[in-house]
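On a predicted model such as this, the values are computed, not experimentally measured, just so you know. Quick note on labels: first sequence line is chain A, next is B, and so on, each numbered from 1.
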Protein chains: 2
Amino acid sequence: MNKSDILEKFGEKIKEYRKQKGFSQEQLAEKANLHRTYIGMIERAEKNITLLNIEKIANALDVKITDLINQQ
Amino acid sequence: MNKSDILEKFGEKIKEYRKQKGFSQEQLAEKANLHRTYIGMIERAEKNITLLNIEKIANALDVKITDLINQQ
DNA sequence: TTATAAACTACATACTATAATTAGCATATT
DNA sequence: AATATGCTAATTATAGTATGTAGTTTATAA
């Protein structure tokens, strides 16, 4: 995976909201029912996340999916 | 893959915008640099699409990603 | 201050599940 | 007829899971 702009922005948003809520990667992973290291990979834009997992993370962070995707 | 709500809504949106622009699945596939049958699978919610392909399709349809994801 | 322990994160694998690509044929629509 | 879509199935690429280790940060004790 070579990092793309959209994945990097997405990762930054996850990290931003996660910190804002005071969660560790591990805590977020548990809430989203995903693995700890996977959350790290997403934040570092190392994985091309699928829509179902985007939904899981958005729910865990209690934000809308559209909040995680910045455009224009 | 058992179909989920979010994937079904996403597929419907793709189809809706595609028709609105007067594209066939094949034409959209070509614009997005994806395969014809894959577009069909997405519209039928048979695949859990990744963020990079969501971006490709949004660009091909000339809409924002957030236009393809309806929430509340 | 210094050191040291604890929690957190980065990163390197390796493995498993499944997304993505493709071809072929059937059915539908015009 | 021609064009478009549905659907099966098989293969390849990669997303997702997991373990272990090293480095970082943060709090607390000395």
I need the [atom1]-[atom2] distance between [X] and [N], as an integer number of Å.
| X | N | atom1 | atom2 | value |
| --- | --- | --- | --- | --- |
| B:I49 | C:dT18 | CD1 | P | 17 Å |
| A:N33 | D:dA15 | CG | P | 20 Å |
| A:Q27 | C:dT9 | CD | C1' | 13 Å |
| B:I54 | C:dA20 | CD1 | C1' | 14 Å |
| B:I42 | C:dT21 | CD1 | C1' | 12 Å |
| B:L51 | D:dA15 | CG | P | 11 Å |
| A:N48 | D:dG16 | CG | C1' | 12 Å |
| B:I39 | D:dG6 | CD1 | P | 12 Å |

### Query
For DNA chain D, what residues of residues 12-20 of chain A have any heavy atom nearer than 4.0 Å?
none
### Message
Please determine whether the number of non-hydrogen atoms from other residues, nucleotides or ligands lying under 6.0 Å from atom NZ of A:K56 exceeds 12.
### Response
yes
### Whether over 12 other heavy atoms sit under 6.0 Å from B:E55 CD
yes
### Query
Any idea which of D:dA18, C:dC11, D:dG6 is nearest the A:E46 side chain?
C:dC11
### Message
Measuring from the side chain of A:M41 (C-beta onward, heavy atoms only), which nucleotide among D:dT17, C:dC8, C:dA10 has the closest atom?
### Response
D:dT17
### Query
Do A:T50 and D:dA15 have a side chain to base donor-acceptor pair shorter than 3.5 Å?
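There is none.
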OP1 or OP2 of [N] sitting under 4.0 Å from any side-chain N/O of [X]?
| X | N | result |
| --- | --- | --- |
| B:Y38 | C:dA20 | yes |
| A:N53 | D:dG16 | yes |
| B:Q25 | D:dG6 | yes |

### Message
Between B:N48 and A:T50 (side chain of the first, backbone of the second, donor and acceptor by atom type, cut-off under 3.5 Å), is there such a pair?
### Response
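Side chain of B:N48 to backbone of A:T50, a donor-acceptor pair under 3.5 Å: no, none is there.
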### Query
Hey, mind stepping through A:I42 and A:N53 against side chain to side chain contact (heavy atoms under 4.5 Å, CB included) and telling me if it holds?
CA-CA 10 Å; A:I42 294 303; A:N53 279 350; over 6 Å; no
#### Entry: Earlier contact from the 5' end, DNA chain D, for B:F23 and A:R36
B:F23
